[in-house]
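Since the structure comes first, as structure tokens, the remarks are kept for the end.
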Amino acid sequence: MRSSAAKIQMTSFDDLFQSSGVEQQTATEQVQDIALEKLISFHNHPFRVRDDEEMRKTVESVAQYGVLVPAIARPVGGGQYELVSGHRRKRASELAGKDTMPVIVRSLDDDEATIIMVDANLQRERLLPSEKAFAYKMKLEAMKHQGKRNDLTSARSVLKLSARDRVAQDAGEKSGMTVTRYVSLTKLVPPLLALVDEGKLSVSSAADHLSDLSEVEQNDTLAAMKRLKIIPSKGQLAKIKEHSKAGTLTFDVINAILSTERPTTSQVSLKSSRLKRYFPKGYTAQQMEEVIFALLEIWSQQNLRDISNTSCNK
């Protein structure tokens, strides 16, 4: 009796990153060891490669075992290859003292390469809002370029989805509106986008109220924030946007809005049973309050310095 094992097909690495617009590759693809110096980064790669703790662990693994999962690259002429997937693996290989890394070379057009690049990197756990913003924008543009070619390879249920809804579905986002919000962040000037990445401005506030402002208006808002040493509330940003639409937004108007309409505050209750863990026995409520506000003042000043530095380094 013939064994059924012959019918089993292994799922290739490429299959993990297939998108609906990219045709299935044949089994003739070969893994090649390519010199790191011949591997160049993807054009406008939106994902940062950080030398953090996760990278340190990756370097240790590469030094001991090598790169276990081949990267994907496409030939770009001159003996060079553009990385589609594998930027972190290349960096880890460099830090581990390697000269080459395993790569699957594939002929891909710009749209196919962009979709694979974005889908591969969106699997990462920690992504900054700015990384998602530019990645979603690149994928949306690639899908629109593909047009009917994408539709011909899609299931009927998928055909009913808009491009942004398909991007949201692939990325695990709640809706296409979420994708639209992230893409709006790409219109922010770098210092404001940095504040979003740092969590000082929310994605919704920046996307809904700041992204439609002109570059001059955004810089004026940033200057007023720096001068007054505040992060605007959603209500303040909404008023700034209203004046922008009306054509009446100036630095003086922005300054007035941020000066006279301070963000509303909410009541915060702190349980004494929890606070007593951090204070010497016998501290009164007033003494604890003085220490808390002294520490908050230090924290606040540090945040304001961060905002100032972000603005100066744009």
Side-chain angles (χ1 to χ4, degrees), residues 44 46 48 126-137 140 164 173-175 177-270 289-314:
N44 288 332
R48 301 180 190 179
R126 293 182 299 166
L127 290 174
L128 294 173
S130 62
E131 292 177 307
K132 286 187 176 184
F134 285 100
Y136 292 162
K137 181 180 180 181
L140 276 173
R164 70 172 190 173
E173 297 288 4
K174 293 181 179 179
S175 67
M177 180 56 69
T178 302
V179 170
T180 299
R181 269 205 172 113
Y182 274 108
V183 173
S184 295
L185 298 180
T186 63
K187 296 187 289 184
L188 295 177
V189 295
L192 285 177
L193 184 55
L195 291 178
V196 178
D197 279 343
E198 293 164 11
K200 294 171 183 175
L201 279 173
S202 69
V203 171
S204 59
S205 291
D208 297 345
H209 304 303
L210 288 173
S211 64
D212 288 333
L213 303 184
S214 69
E215 184 174 339
V216 171
E217 290 171 337
Q218 289 185 39
N219 282 323
D220 282 347
T221 301
L222 191 67
M225 290 166 58
K226 178 183 175 182
R227 176 181 175 277
L228 297 170
K229 300 180 180 180
I230 67 167
I231 297 294
S233 68
K234 282 190 177 183
Q236 290 172 317
L237 292 177
K239 286 190 173 293
I240 289 173
K241 183 177 179 180
E242 287 175 9
H243 278 278
S244 176
K245 283 185 174 182
T248 57
L249 188 64
T250 64
F251 177 79
D252 289 338
V253 170
I254 296 171
N255 195 66
I257 292 173
L258 299 188
S259 297
T260 60
E261 299 177 32
R262 295 287 180 176
T264 57
T265 57
S266 57
Q267 298 252 339
V268 177
S269 299
L270 300 176
E289 181 178 304
E290 290 173 353
V291 171
I292 290 171
F293 278 101
L295 292 174
L296 285 173
E297 181 63 26
I298 295 173
W299 175 81
S300 175
Q301 291 301 320
Q302 179 61 52
N303 273 353
L304 295 175
R305 283 196 295 272
D306 290 344
I307 294 175
S308 178
N309 291 336
T310 300
S311 177
C312 292
N313 293 329
K314 67 177 181 178

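Here the closest non-hydrogen pair linking Phe134 and Leu193 is CE1-CD2, 3.8 Å. Considering every non-hydrogen atom in both Leu185 and Ala206, the closest pair reads CD2-CB, 3.8 Å.
In this structure the side chain of Asp212 never reaches within 4.5 angstrom of the side chain of Ser244, judged on heavy atoms. Between His243 and Ile257 the shortest side-chain heavy-atom distance falls below 4.5 Å. Side-chain contact between Leu222 and Leu195 is present, with heavy atoms from C-beta onward closer than 4.5 Å.
Taking CG from Leu258 and NZ from Lys239, the interatomic distance works out to 12.0 Å, rounded to the nearest 0.5 Å. Rounding to the nearest 0.5 Å places OG1 of Thr260 at 9.0 Å from CG of Asn255. Put simply, OG on Ser130 and CG on Leu192 are 13.0 Å apart, with the number rounded to the nearest 0.5 Å. For the atom pair Glu215 CD and Gln218 CD, the distance stands at 7.5 Å (nearest 0.5 Å).
A donor atom on one side chain and an acceptor atom on the other are not found under 3.5 Å apart for Lys234 and Ser202. Side chains of Tyr136 and Glu173: a donor-acceptor N/O pair is present below 3.5 angstrom, by distance only.
Taking His209 as the reference, Leu237, Ala238, Lys241 meet the side chain to side chain contact (heavy atoms under 4.5 Å, CB included) condition, with sequence neighbours excluded. Considering only residues two or more places apart in sequence or on other chains, Thr178 meets the side-chain hydrogen bond (donor to acceptor under 3.5 Å, both in side chains) condition with none of them. Not counting sequence neighbours, the partners of Ser211 by the side chain to side chain contact (heavy atoms under 4.5 Å, CB included) test are Ser184, Lys187, Leu188.
Not one N or O on the side chain of Ser205 forms a donor-acceptor pair closer than 3.5 Å with the backbone of Leu201. Side-chain atoms of Asp197 do not come within 3.5 Å of backbone N or O of Leu128 as any donor-acceptor pair. Proximity of a side-chain donor or acceptor of Thr221 to a complementary backbone N or O of Glu217 within less than 3.5 Å is detected.
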Discussion item. Leu249 vs Ile254, test: side-chain contact (heavy atoms from CB on, under 4.5 Å). Steps then yes/no.
Written reply: CA-CA 7 Å; Leu249 188 64; Ile254 296 171; 3.4 Å; yes
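With Tyr182 as the fixed residue, the side chain to side chain contact (heavy atoms under 4.5 Å, CB included) test singles out one of Lys132, Met177, Arg164: Lys132.
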